[in-house]
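Nothing here was measured: the structure is a model prediction, and the numbers come from that model.
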There are 4 protein chains.
Amino acid sequence: MIEIKRLDAHEAVLLVAAARERALEIGVPMCIAVVDESGYLLAFQRMDGGKIHSIQVAMDKAFTAASARRPTHELADLSQPGSPLFGLNVALGGRICIVGGGMPLVVGGDVVGAVGISSGTPAQDRECAAAAVAAFAKLLER
Amino acid sequence: MIEIKRLDAHEAVLLVAAARERALEIGVPMCIAVVDESGYLLAFQRMDGGKIHSIQVAMDKAFTAASARRPTHELADLSQPGSPLFGLNVALGGRICIVGGGMPLVVGGDVVGAVGISSGTPAQDRECAAAAVAAFAKLLER
Amino acid sequence: MIEIKRLDAHEAVLLVAAARERALEIGVPMCIAVVDESGYLLAFQRMDGGKIHSIQVAMDKAFTAASARRPTHELADLSQPGSPLFGLNVALGGRICIVGGGMPLVVGGDVVGAVGISSGTPAQDRECAAAAVAAFAKLLER
Amino acid sequence: MIEIKRLDAHEAVLLVAAARERALEIGVPMCIAVVDESGYLLAFQRMDGGKIHSIQVAMDKAFTAASARRPTHELADLSQPGSPLFGLNVALGGRICIVGGGMPLVVGGDVVGAVGISSGTPAQDRECAAAAVAAFAKLLER
């Protein structure tokens with residue numbers, strides 16, 4: 001038997017709020033998804049003006065970050081034509097998403113969940129994902 | 001051009017909270033989804049202990065209620081073998097969900113969104129969906 | 001509650017007619033799709049000779065233009081290898097389509113629908129989509 | 001943060017072996033799937049003669065048992081026409097499988113994984129799944 005740590009529902013809601021706050025600051029309505037360590041959705045918000053295709057993309061970025069255990073923008077680099085992971089970008093019928101904006105949530109080296117943001121530019125999405133990750137770090141300090 | 005009314009993000013979050021409160025009262029951890037009038041997800045929470053298949057089922061109940069403009073349990077009756085809608089229960093690759101727990105949110109005769117609940121028995125799911133609908137009615141009174 | 005504007009059925013039929021007229025002029029039988037602001041199909045025509053895979057592609061171009069709120073050919077540029085949206089081109093199991101020929105329909109800054117054309121070259125598809133957008137502008141002037 | 005227990009890879013292999021042994025005894029070549037508590041595959045064997053559609057069905061039975069936290073044959077009863085869960089049987093695009101042969105693996109009230117068997121009659125599938133569950137109980141006694 002393995003013991004694993006998993007983000008809980010309360011933490012997930014706090015992380016959505018942290019990403020939403022940053023989205024409001026930069027003035028970009030976002031789709032915000034938080035998943036557990038197995039990539040299953042814990043909490044989600046689409047802000048007014050968030051794009052409809054971004055609902056799934058936000059979830060897929062979070063799923064990908066949880067599973068690959070690294071930010072999705074790093075996978076983008078590794079999945080370019082000629083790079084070793086080229087082809088990964090179309091795996092799982094599109095569930096794998098390599099666009100920036102997905103970031104894992106790590107505790108003591110273990111991924112316990114992930115956040116995925118979509119609707120802005122990848123840079124804006126990453127900024128809001130980073131805000132959630134920073135909020136998570138503060139949560140752990142308590 | 002048509003003018004339509006759509007549930008907003010803030011209202012969606014309040015409705016998730018109302019369903020969650022009832023779920024806590026009856027002691028059943030739920031997956032709670034709120035969608036707009038087009039069936040697109042606005043807000044979602046999986047309470048600790050909510051079932052993983054219920055993530056999609058909650059969303060599908062909400063989608064179905066928004067699109068069919070009636071509670072999913074009414075579709076269950078109509079979709080029984082020998083009944084006129086038999087077959088609807090498998091439409092759209094399973095996105096149509098006729099199990100009780102999906103309820104439309106109606107303003108002046110127009111569907112503006114829907115709520116979908118899953119993880120308990122259909123009766124428990126319906127109870128929490130009804131709590132969200134009741135909270136919506138109160139919101140409209142303000 | 002949000003109030004949104006949505007293309008109506010009558011307008012959608014007029015836009016299909018406008019795209020069809022241009023397709024006849026350039027002698028390329030097309031698949032023509034018009035969707036609402038949520039990406040749902042309002043009107044569709046496959047002209048005699050329109051390609052069968054283009055039925056879905058036209059719908060997907062229109063869905064993508066409505067959701068991304070920009071022409072699909074712009075997404076093609078942004079989704080090239082090395083560009084920030086590389087990976088978007090395979091999102092949503094292929095529903096996202098970045099090939100030229102999808103264009104949003106905008107009223108006062110808001111997307112109210114979109115048109116998607118497929119069967120010709122992307123340049124031909126764009127030409128017919130542009131004809132529909134031009135017809136929409138004339139409709140609005142009335 | 002939540003702490004959860006998850007079946008490990010070694011245990012999964014032992015459970016496959018237990019199901020396989022029973023399959024040999026009853027002379028029915030089986031597809032045998034063992035998943036973790038989130039429904040993800042840990043170990044799988046298709047015995048010579050195992051049916052090809054049963055590869056997916058065995059996985060889906062195990063996924064369903066892990067998520068619903070009960071044997072799939074109980075869901076079959078609850079999903080009959082006229083029963084409250086009618087409609088569940090087609091959820092998630094078919095990933096939910098209510099045919100007997102899926103059984104959860106439970107430790108102290110928590111589901112830590114599940115087993116799914118397919119290729120025989122549902123009664124034969126259940127028998128082999130039960131053999132895996134019995135082997136799991138013995139593992140825990142050590």
Look at atom CD of E21(B) and say whether more than 12 heavy atoms of other residues, nucleotides or ligands are closer to it than 6.0 Å.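 For E21(B), atom CD is not crowded (no more than 12 foreign heavy atoms under 6.0 Å).
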Residues from residues 55-86 of chain C approaching chain B under 4.5 Å (heavy atoms):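 Under the 4.5 Å heavy-atom cut-off, F63(C) qualify.
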Closest heavy-atom contact between I2(B) and L7(C)?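 Minimum heavy-atom separation between I2(B) and L7(C): CD1-O, 4.2 Å.
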Nearest heavy atoms of V107(B) and M1(C), plus distance in Å: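 Minimum heavy-atom contact is CG2-CE, 3.8 Å.
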Out of R6(C), E37(C), E3(C), return the one with the most heavy atom pairs under 4.5 angstrom to chain B.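 Option with the top pair count is R6(C).
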For chain C, which candidate among I4(B), V112(B), D36(B) shows the most heavy-atom pairs at distances under 4.5 Å?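 So the answer, after comparing I4(B), V112(B), D36(B), is I4(B).
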Mind checking which of residues 132-142 of chain B sit less than 4.5 Å from chain C, heavy atom to heavy atom?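 Under the 4.5 Å heavy-atom cut-off, F136(B), L140(B) qualify.
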Proximity breakdown for E11(C) and chain B, heavy-atom pairs closer than 4.5 Å: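 For E11(C), the contact with chain B is made by the side chain alone.
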